Amino acid sequence: MVTIKSEKEIELMRESCRIVKETLDFVGKNIRAGMTTKEVDELVFRYITSCGAKPSCLGYEGYPASACVSVNEVVVHGIPSDRILVDGDIVSVDITAEKHGFNGDAARTFLIGNVSEEKRQLVKVTEECFFKAIENLGAGVPLYDIGYAVQTHAESHGYGVVRALVGHGIGREMHEDPSVPNYGKKGTGMRLKAGMTICIEPMITMGTYKVNFSREDGWTVTTADGLPAAHYENTVLIKDGGVEILTL
Ligand code: MF3
Ligand code: CO
Ligand code: CO
């Protein structure tokens with residue numbers, strides 16, 4: 001079911017989304033080589049709870065941490081561990097926070113130390129994919145125009161667009177309808193309505209778009225060819241004539 005948020009609910013969404021944004025800024029200031037991904041998770045837990053919010057991922061379908069920390073070939077849902085970040089890594093940190101019953105969700109891919117030009121380009125294009133997707137977005141626009149924009153931009157650089165995972169609606173639940181794929185045919189899908197809040201989250205790979213789901217931990221998603229992937233996500237409010245990015 002697609003939910004339309006009232007003005008009051010949107011105010012609450014703004015608050016949780018602001019906390020998510022601030023948490024990511026805090027991570028960006030502190031993340032560095034030598035740190036374990038578990039230490040990144042601790043930063044996230046500390047910041048979110050200090051804002052009187054709750055990390056929505058913790059315990060979600062048994063997920064054991066506050067953040068998803070995904071290094072290089074890990075696309076998303078990397079479980080924080082003793083893996084040490086090293087110079088040249090790219091690290092997606094994806095977090096969801098709930099306050100007053102509403103969720104905000106965003107992800108950034110951080111650069112650790114000296115990152116190769118090739119990987120920096122991947123991270124940059126992944127961010128651009130998000131901004132291409134919102135360029136002409138607003139009430140009345142067909143849903144799959146989002147995926148069309150992401151896919152067109154990513155593939156023009158020779159990158160892969162992950163199909164197995166998608167963006168989503170968000171609100172009282174972390175994952176609500178509709179699904180928001182990063183691929184699609186222009187002019188198709190439901191028409192977006194003012195008051196919808198959705199997460200647009202391009203997951204872009206340097207090689208194949210095919211991914212594997214870990215059989216060991218049930219979560220970690222890696223590229224099938226082991227090449228790096230990047231991830232960028234914001235929670236977006238659909239309005240008449242445009243959008244508001246709630247996590248920026
Ligand atoms: N934040 C992720 C998303 O963008 C969801 C992570 S679910 C978790 O949809 F359980 F893995 F944390
Ligand atoms: Co997320
Ligand atoms: Co999301």
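Along the sequence shown, residues are numbered consecutively beginning with 1. These numbers come from a predicted model, not from an experiment. For ligands, and for the atoms within them, numbers begin at 1 and follow the listed sequence.
- Excluding waters, the count of protein N/O/S atoms less than 2.8 Å from the Co ion (ligand 2) comes to 4.
- Ring-plane geometry between His157 and His153 is classed as perpendicular, the angle between the planes exceeding 60 degrees on a 0 to 90 degree scale with a lower cut at 30.
- No hydrogens or angles considered: nothing links the side chains of Lys21 and Asn234 as a donor-acceptor pair under 3.5 Å.
- In this structure, Trp219 and His77 have perpendicular ring planes: the angle between them is above 60°, well past the 30° mark.
- The Co ion (ligand 3) has an N, O or S atom of His168 under 2.8 Å away, backbone or side chain.
- For the residue pair Asn103 / Ser16, no side-chain donor-acceptor distance below 3.5 Å is found, with atom types taken as modelled.
- Although no hydrogens or angles enter the test, the distance criterion places no donor-acceptor pair under 3.5 Å between the side chain of Asn182 and the main chain of Val162.
- Glu73 has no carboxylate O lying under 4.0 Å from a charged side-chain N of Lys119, or vice versa, which leaves the two without a salt bridge.
- Side chains of Glu22 and Tyr47: a donor-acceptor N/O pair is present below 3.5 angstrom, by distance only.
- When the options Thr235, Ile146, Ile170 are evaluated for a side chain to side chain contact (heavy atoms under 4.5 Å, CB included) with Ile198, the one that passes is Ile146.
- Between Glu127 and Lys124 no salt bridge is recorded (no basic side-chain N to carboxylate O distance below 4.0 Å).
- One finds a salt bridge joining Lys5 and Glu176 here, because a Lys/Arg side-chain nitrogen approaches an Asp/Glu carboxylate oxygen to under 4.0 Å.
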Between ligand 1 and the protein, tabulate every N or O atom pair separated by less than 3.5 Å, reporting distance only.
residue: ligand 1; atom: 1 (N); partner: Asp94; partner atom: OD1; Å: 3.2
residue: ligand 1; atom: 1 (N); partner: Asp94; partner atom: OD2; Å: 3.1
residue: ligand 1; atom: 1 (N); partner: Thr96; partner atom: OG1; Å: 3.3
residue: ligand 1; atom: 1 (N); partner: Asp105; partner atom: OD1; Å: 3.2
residue: ligand 1; atom: 4 (O); partner: Asp94; partner atom: OD2; Å: 3.2
residue: ligand 1; atom: 4 (O); partner: Asp105; partner atom: OD2; Å: 3.0
residue: ligand 1; atom: 4 (O); partner: Glu201; partner atom: OE1; Å: 3.0
residue: ligand 1; atom: 4 (O); partner: Glu201; partner atom: OE2; Å: 3.0
residue: ligand 1; atom: 4 (O); partner: Glu233; partner atom: OE1; Å: 3.0
residue: ligand 1; atom: 4 (O); partner: Glu233; partner atom: OE2; Å: 3.2
residue: ligand 1; atom: 9 (O); partner: His168; partner atom: NE2; Å: 3.1
residue: ligand 1; atom: 9 (O); partner: His175; partner atom: NE2; Å: 2.7

